[in-house]
Amino acid sequence: MSDAHGVPFVDDAGDTASRAAEAVARRSRGRLLAFLAARSRDIAAAEDALSEAFAAALAHWPAEGVPHNPEAWLLTAARRKLIDAARRQGTQAEAADELLVLAQPGFGDAAPLAIPDERLRLLFACAHPGIAPALRAPLMLQTVLGLDAAAIGQAFRVPPATMGQRLVRGKARIREAGIPFRVPEPHELPDRLDAVLAAVYAAYSEGWCDPGGAQPQRRTLAEEALWLGRLIASLLPAEPEALGLLALMLYLESRRLARRDAAGEFVPLAVQDTQLWDAAQIDEAERALRLAASLGRPGRYQLEAAVQSAHARPRGGGPADWPAVVQLYDALQLLTGSPVVAINRAVALSRTAGAEAGLRALQAVADDPRVTTYQPYWAARADLLAQTGHTGLALAAYQQAIGLEIDPAVRRFLQRRSAALQR
Amino acid sequence: MQYMLMIHGDEAAEAAMPEAAMQALMGAYGAYTDAMMTAGVLVAGERLRPSDTATRVRVVDGKTQVLDGPYAESKEQLGGYFVIEVPDLDQAITWAARCPSSAHGTIELRPIWPM
């Protein structure tokens, strides 16, 4: 980077060129990569070619000026690099195949809008059943959004070098196992789309863990996931679950500011200042959810978004709609059989039918091994036990919840609850 | 697999901690240890006295040399450890993140070399 006192002409041109390259990188990287990868079927090679093309842009644009159509310039440069790389690689039959694919019509057409948007195909390749579920979101974040392995590793609490190796192996697997870059047929779409949405939601949830924004890269992760959610909903406008997930993430995001007080302490939903909720995000969520419902195919994300919609009702001054929440969780439980849903349902039930009823409902999952190291189960159990006067058992459950919590602010909140019970 | 969680923290900051915060930290450690026991992952673990109580020992030319203080002078000192038994690094990382000191110090995770 140049400073303000450099040689003016060269620096201006260099600055303009690098700013232009950065802008294109931000705006079009995922699109260009998807286009290249869908044809070469080799994400890593396409990434290398694209970074070489960006480097060439930084070398050429300051002298020659920023081209009229930067995307097409980059695509042409990247295509040349890909063909060169294929030639260098030797194995002639394979190289010839790749070249044939790369020479297909439409490759590198001049008009920017003529570059088709293949990001959906790339997303479906990343979330293919042949890719380990835990690797799907990292692959999407790297390929479509261009996040580096260190940032992704940070966000998913995996060492950068380990995450880097996993991503390299994942891309090699896509190439070597012949995982296709295509949008699944209608009959297979529901399952396959579910994998894509689950990966996006996993990324969002990781980013959600840090509502105070103390760790910038996690906050960014939530924003990136939201961006992916919007992209998928816009590319598949007739898929209600894509809209449902977008609505769900928007509802959660709308309360981000309200989840912490001025001192950085955790504020539970029930006592949040509704003035701090982001009204525009809630409105966008409501619109997405209504649109999804109008398509007449309910699903997990729509139901979860509907739960959040019921929780958002206090914005209008009314109470949260707990009977609706219980019904929605009933439907979700039929659909997913998830112990997490059962826990949430038990808490909602305690608001309509009393703490005893909630506790009985919670007991149904008590033997599920998945809940024994799941903090919200112990926190819910502790609250309900406290409400029913079982102070000793409640304290023991708080102890488990405190011991399992990762977020220091939530841990302090649980400690305060526990301490209040001992007084 | 077994991992050692080595807890490195700033002793000076810890010593300056208000009494209530220190009690909360100790309480959180109690809960953390309980949760590890309940999950069946805890093999061992202890808190260490501050690094100014450390003694270094080595034998040079057959003579035992004894020195005051910790092996490495640094901003963060080893203050305790846990040994846990978990299936893989990801789960070890999850437990390390739950350690109350991970919010202000650093947890170093090392796989134990099985003998």
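All figures in this text were calculated on a predicted structure; none of them were measured in a lab. Below, read A as the first sequence line, B as the second, and so on, with proteins coming before strands; counting in each chain starts at 1.
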What one should report as the nearest heavy-atom pair of A:Pro408 and B:Ala103 is CG-CB, 3.4 Å
Should the heavy atoms of other residues, nucleotides or ligands under 6.0 Å from CZ of A:Arg173 be counted, would the total exceed 12? no
What part of B:Leu109 gets within 4.5 angstrom of chain A, counting heavy atoms only: side chain, backbone, both, or neither? neither
Top contributor to chain B contacts, counting heavy-atom pairs under 4.5 Å, from A:Gln415, A:Gln375, A:Arg416: A:Gln415
Most heavy-atom pairs under 4.5 angstrom with chain B, which of A:Thr373, A:Leu404, A:Ile402? A:Leu404
Just give me the residue among B:Ser102, B:Gly30, B:Pro100, B:Ala39 that pairs up with chain A most often, heavy atom to heavy atom, under 4.5 Å. B:Pro100
Checking heavy atoms, do the side chain of A:Thr372, its backbone, both or neither come under 4.5 Å from chain B? neither
Provide the closest heavy-atom pair for A:Gln400 versus B:Asp34 in the form atom of the first, atom of the second, distance. NE2-O, 3.5 Å
Looking at every non-hydrogen atom in both residues, tell me the closest pair between B:Ala31 and A:Gln399 and how far apart they are. CB-O, 3.0 Å
A:Arg412 CZ to B:Leu25 CG distance, which is reported to the nearest 0.5 Å: 11.0 Å
Let me know if A:Glu405 has heavy atoms under 4.5 Å from chain B in its side chain, its backbone, both or neither. backbone
Taking everything shown except B:Arg110 itself, do over 12 heavy atoms lie less than 6.0 Å from its CZ? no
Closest non-hydrogen contact found for A:Arg411 with B:Arg98 is NH2-O, 3.1 Å
Can you tell me if B:Asp68 has over 12 outside heavy atoms packed within less than 6.0 Å of its CG? no
Can you give me the closest heavy-atom contact between B:Ile93 and A:Val158, atom names plus distance? CD1-CA, 4.3 Å
